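Remarks on the structure that follows.
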Amino acid sequence: MMKRLGQGGFATLEVILMVTVIGILASIAVPRFTDITARANTAKVQSDLTTIDTAISVYNMRTGNYPSQVSDLVTSKDLADLPTPPRGKVYMTEGTSATIKTIGNSDNYSLNSDKDKAVLDNKTAGVYYYDSSKTYSETSGGGS
């Protein structure tokens, strides 16, 4: 079989350069993707806690009492269904403390001791947000 002139594959150096460029781009993109996922999880937790807080207020206005647990809001039809927290990392900013917490399968929304606010890991919606002026440290937490 004869080779045609002018036809050829990629040179080894070209392949090495392409793999290097792809590696550099991936090393930039992966941390940004992880950060965006944590921010999205944080926004969902914040939204869920606010939604549950609104349902608690409606329940209180309608009955004159606070619910004894979050599932009471679903039973009373003040909440369509019980939201589940996202699994993965979320930002927590409380005072000067800024941490990234991993939420596991055993973490669920509950009520605070006064039964008037929804909490996750005993933290309210105001704790879960991203503040670009803070440096976040990672903590272990949550169930698996």
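Position 1 is the first residue of the sequence; numbering continues from there. Just so it is clear, the structure is predicted and the values come from calculations on it, not from any experiment.
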Sidechain-backbone polar pair: [X] side chain, [Y] backbone, donor-acceptor under 3.5 Å:
X: T42; Y: V90; result: no
X: T54; Y: T50; result: yes
X: D53; Y: K117; result: no

Heavy-atom closest contact ([X] atom, [Y] atom, distance):
X: K44; Y: P86; answer: CD-CD, 4.0 Å
X: R62; Y: D78; answer: NH2-OD2, 2.6 Å
X: N108; Y: R87; answer: OD1-NH2, 4.2 Å
X: I56; Y: A118; answer: CD1-N, 3.8 Å

Regarding [X] and [Y], is there a side-chain donor-to-acceptor distance under 3.5 Å anywhere?
X: Y109; Y: D48; answer: yes
X: T63; Y: N65; answer: no
X: Y91; Y: T99; answer: no

Measure the [atom1]-[atom2] distance between [X] and [Y] for me, rounded to the nearest 0.5 Å.
X: T124; Y: I52; atom1: OG1; atom2: CD1; answer: 12.5 Å
X: T75; Y: Y59; atom1: OG1; atom2: OH; answer: 8.5 Å
X: K134; Y: E94; atom1: NZ; atom2: CD; answer: 10.0 Å
X: D107; Y: D121; atom1: CG; atom2: CG; answer: 6.0 Å
X: S71; Y: D81; atom1: OG; atom2: CG; answer: 12.5 Å
X: L49; Y: K123; atom1: CG; atom2: NZ; answer: 12.0 Å

Over 12 non-hydrogen atoms of neighbours within 6.0 angstrom of CG in D131: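 Counting neighbours around CG of D131, more than 12 heavy atoms of other residues, nucleotides or ligands fall under 6.0 Å, so yes.
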[X], [Y]: one ILVMFWY side-chain cluster at the under-4.5 Å cut-off?
X: Y66; Y: L82; result: yes
X: I100; Y: Y130; result: yes
X: V74; Y: L111; result: yes
X: L17; Y: V15; result: no

Flag side-chain contact, heavy atom, 4.5 Å: N60 against D116: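 Sidechains of D116 and N60: no contact.
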Worked verdict on I103 versus L120 for side-chain contact (heavy atoms from CB on, under 4.5 Å): CA-CA 9 Å; I103 298 176; L120 177 63; 3.5 Å; yes
Pairs flagged by salt bridge (Lys or Arg N to Asp or Glu O under 4.0 Å) wherever residues 10-20 is involved - sequence neighbours left out: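 Passing the test, one end in residues 10-20: no pairs.
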Short N-O contact, K101 and E138, less than 4.0 angstrom: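 Looking at K101 and E138, the cut-off is not met.
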Salt bridge (charged side-chain N to carboxylate O under 4.0 Å, His left out) against K115, all qualifying residues, sequence neighbours excluded: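 By the salt bridge (charged side-chain N to carboxylate O under 4.0 Å, His left out) rule, K115 matches no residue at all.
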